[in-house]
2 protein chains.
Amino acid sequence: MIQLKDVAELAGVSTGSVSKVLNGYAVSPRMKKSVELAIAELNYKPNMVARSLRTKTSNSIGVMVPYTNDPYFMEFFRGVSIGLSEKGKVPFLFSTEPHDEFSAQKMQQIFMRGVDGLIVSTYGWKDSVLEELYLIAEKIPVVSYKRSFPGTAIHSVGVDDCSGMFKAVEHLTSIGHRRIGYIASGLNLDTGQQRLKGYQQALEQAGIAYEDNLVVESAAFQIEDGYNAVQQLLKRFPLPSAIVGANNSVAIGALKFLESRNVKIPEDIAVMGYDDEPLSTLVTPKLSSVSVPVYEMTAKAVQIIEDAILGVHKETINILFPTTLKIRNSTDFSATAAFEFERFSR
Amino acid sequence: MIQLKDVAELAGVSTGSVSKVLNGYAVSPRMKKSVELAIAELNYKPNMVARSLRTKTSNSIGVMVPYTNDPYFMEFFRGVSIGLSEKGKVPFLFSTEPHDEFSAQKMQQIFMRGVDGLIVSTYGWKDSVLEELYLIAEKIPVVSYKRSFPGTAIHSVGVDDCSGMFKAVEHLTSIGHRRIGYIASGLNLDTGQQRLKGYQQALEQAGIAYEDNLVVESAAFQIEDGYNAVQQLLKRFPLPSAIVGANNSVAIGALKFLESRNVKIPEDIAVMGYDDEPLSTLVTPKLSSVSVPVYEMTAKAVQIIEDAILGVHKETINILFPTTLKIRNSTDFSATAAFEFERFSR
DNA sequence: TTGAAAGCGCTAACAG
DNA sequence: CTGTTAGCGCTTTCAA
């Protein structure tokens, strides 16, 4: 392994001087030149581990994502990754399984490795793991994705789920639906509660009485949970003319069950998702949904981390992003039929 | 930050001794006890950066995955992540964009951070980046996923693409198809060539003459590439009665185009994918495909890395895994209609 | 079995 | 502007 000392020798200068040109401090042009020559000659690469030990920063960020098959993981990670890369930072990635016994341990691992900050999606985390997170947040900046932790040092980026779901349901009432089933997921989470609230407020605004038995709770946020939950809704009488899922996956699960029973969508029953993803345009019919600005959110998360590391933030930051309605064929037969490729573009 | 020295002081022993109990060397029970007590009392966490600098190993592995929207990325990463986690190793993740100018730079970054090995999917990498990879492979173990580099130090895990595609096409000929269109992707890669070869061999075995104009090349491996490519195939006369995609995404793209033109699948044209993924069961009709044992492959990749780090391997390892046929409704109308959830299970 | 001490490769005062 | 030097927190000889 060729190291700084070797560069110094070849260039005929001190190691301190080499370090200076490496880190962009003021040096004479002559010195700079000869050092750079030696670096190129030897193909020298600084040892980041030694640098980290000395400077106590690593230019790396811990990222924790849930292990679900949910595609939002992919977009979240992708966004964070692009953002960090632009800032010259490296992601240390950890996946967490919901109810993973080792999440706390993994988080410690990552912390011990000297990351400068943490960006986390805490979906499925147990309280004990969250406790650990609070502790870490006292020491390095932490940004939580789509979930806020009021009263802690944890920053967050999220969306206004109440207004987002309001839009979804308002869309349905605006095209005439009066009996709207709701597949509720994550009612133990603030985000799940806000979505339900949005549903209720939209009904209220349309002058529709809320009916408890049009809301069924799903086991979780996955496709199969929606597939199972929708079956309850089909036992109601009169049948709902529209069904909204608390997220996109449960809506797709519902869609798939209805398809298997030859229910016509949207003619017999309209289906609406929430938290749009590329998959929406690949199912038949294409799923209407409410879209969340993943890229803006992840970019912001990275920005917050960076600022926090630099000590810019004195207060905990909690930002909510707006959502946008995507109307497709699962609620509107006449919606654009052109093949639409939804990509994560920047 | 509480450190080893503090533990030593509290326990009334030397730092060397604390290090010994930390690393499981022989110490007296008394010493062990008191040190452990002090560690617990102070809630001491070793600084992995310092440890790495000293030991020259980091227990971390660099993982490079392509930035595509292709879901196979997710499964690959998930498998690797689970595998590493089981070995107590941490993934340092880097995403690469096809034709990314910075891939080489990113790889250097990761290398400089002292990873003990590298697991890479080189999809879309330019030659200059590969050159860099060869160099790195001289210094630390590298395992490539789904692509081999004969004559280099790079290990690989892959599948037998020729026999895999053979199975796919054989399935079609066995149910009576004689005119089978093929969407070729990645003909510049060995894996793309092997798949095409499998297609040709299956035709030959069925006594069907190969026709150049039933093979169209797609721009890349994405859904939209299949969507575009299939349009060429529809200009052939007589029309093919079946179409095979070189991977799952292009097959889905084809499926979506045919759907938009109200072509009945599989009655008018059967569609077959390759390299199955969960998405196959979410499109309508469900896509027949050839499945690759992602988890076994990633687990093997991790195993190889681990062994190589320990110096077990003297030779470069190249392993091919077998594929399995998944028959669904896009080729067989009567295939199981039950809702099938494909999950990445272990 | 334990302690003392010498670094791992780098940066950052501090002097010159 | 440049060189010297003292560590960053840990492991690992080497002696005791």
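Just so we're on the same page: letters track the sequence lines, and every chain starts at 1. Only a predicted model underlies this, so the values are computations on that prediction, with no experimental measurement involved.
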Look at the side chain of [X] and decide which nucleotide, out of [options], has an atom nearest to it.
{"X": "B/M31", "options": "C/dT2, D/dT4, D/dG9", "answer": "C/dT2"}
{"X": "B/V27", "options": "D/dT11, C/dT11, C/dT2", "answer": "C/dT2"}
{"X": "B/S14", "options": "C/dG3, D/dC10, C/dC10", "answer": "C/dG3"}
{"X": "B/L53", "options": "D/dC10, C/dC8, C/dC10", "answer": "C/dC8"}

Are OP1 or OP2 of [N] and a side-chain N or O of [X] less than 4.0 angstrom apart?
{"X": "A/S28", "N": "D/dT2", "result": "yes"}
{"X": "B/S17", "N": "C/dT2", "result": "no"}
{"X": "A/K56", "N": "D/dG9", "result": "yes"}
{"X": "A/Y44", "N": "C/dC10", "result": "yes"}
{"X": "A/S19", "N": "C/dT11", "result": "yes"}
{"X": "A/N47", "N": "C/dC8", "result": "no"}

Taken to the nearest 0.5 Å, the spacing of B/L22 CG from B/E36 CD works out to 9.5 Å

Any donor-acceptor N/O pair, A/D116 side chain to A/I61 backbone, under 3.5 Å: no

Counting N and O atoms only, with roles assigned by atom type, does the side chain of B/S52 sit under 3.5 Å from a partner on the main chain of B/T57, one being a donor and the other an acceptor? yes

What nucleic acid atoms does B/M48 come within less than 4.0 Å of, heavy atoms only: base, sugar-phosphate, or nothing? nothing

Base, sugar-phosphate, or nothing for B/V13, non-hydrogen atoms under 4.0 angstrom? sugar-phosphate

Students often mix this up, so state it plainly: with edges at 30° and 60°, are the rings of A/Y134 and A/F149 parallel, tilted or perpendicular? perpendicular

Identify, between B/A50 and B/Y25, the residue whose nearest nucleotide on DNA chain D lies closer to the 5' end. B/A50

When the distance from [atom1] of [X] to [atom2] of [N] is rounded to whole Å, what number comes out?
{"X": "B/D6", "N": "D/dC10", "atom1": "CG", "atom2": "C1'", "result": "13 Å"}
{"X": "A/L22", "N": "C/dG9", "atom1": "CG", "atom2": "C1'", "result": "12 Å"}
{"X": "A/E9", "N": "C/dG9", "atom1": "CD", "atom2": "P", "result": "13 Å"}
{"X": "A/Q3", "N": "C/dT11", "atom1": "CD", "atom2": "P", "result": "12 Å"}
{"X": "B/R30", "N": "C/dT2", "atom1": "CZ", "atom2": "P", "result": "8 Å"}
{"X": "A/N23", "N": "D/dT2", "atom1": "CG", "atom2": "P", "result": "15 Å"}
{"X": "B/M112", "N": "C/dC10", "atom1": "CE", "atom2": "P", "result": "10 Å"}
{"X": "B/L4", "N": "D/dC10", "atom1": "CG", "atom2": "P", "result": "5 Å"}

Using a cut-off of 6.0 Å, state whether more than 12 heavy atoms not belonging to A/K45 lie near its atom NZ. yes

Given A/Y123, A/F77, A/F76, A/F321, the one that forms ring pair (Phe, Tyr, Trp, His ring centres under 6.0 Å) with A/Y145: A/F76

Both A/T55 and B/G12 contact DNA chain C. Which one's nearest nucleotide lies toward the 5' end? B/G12

Base of D/dG3, side chain of A/K20 - is there a donor-acceptor contact under 3.5 Å? yes

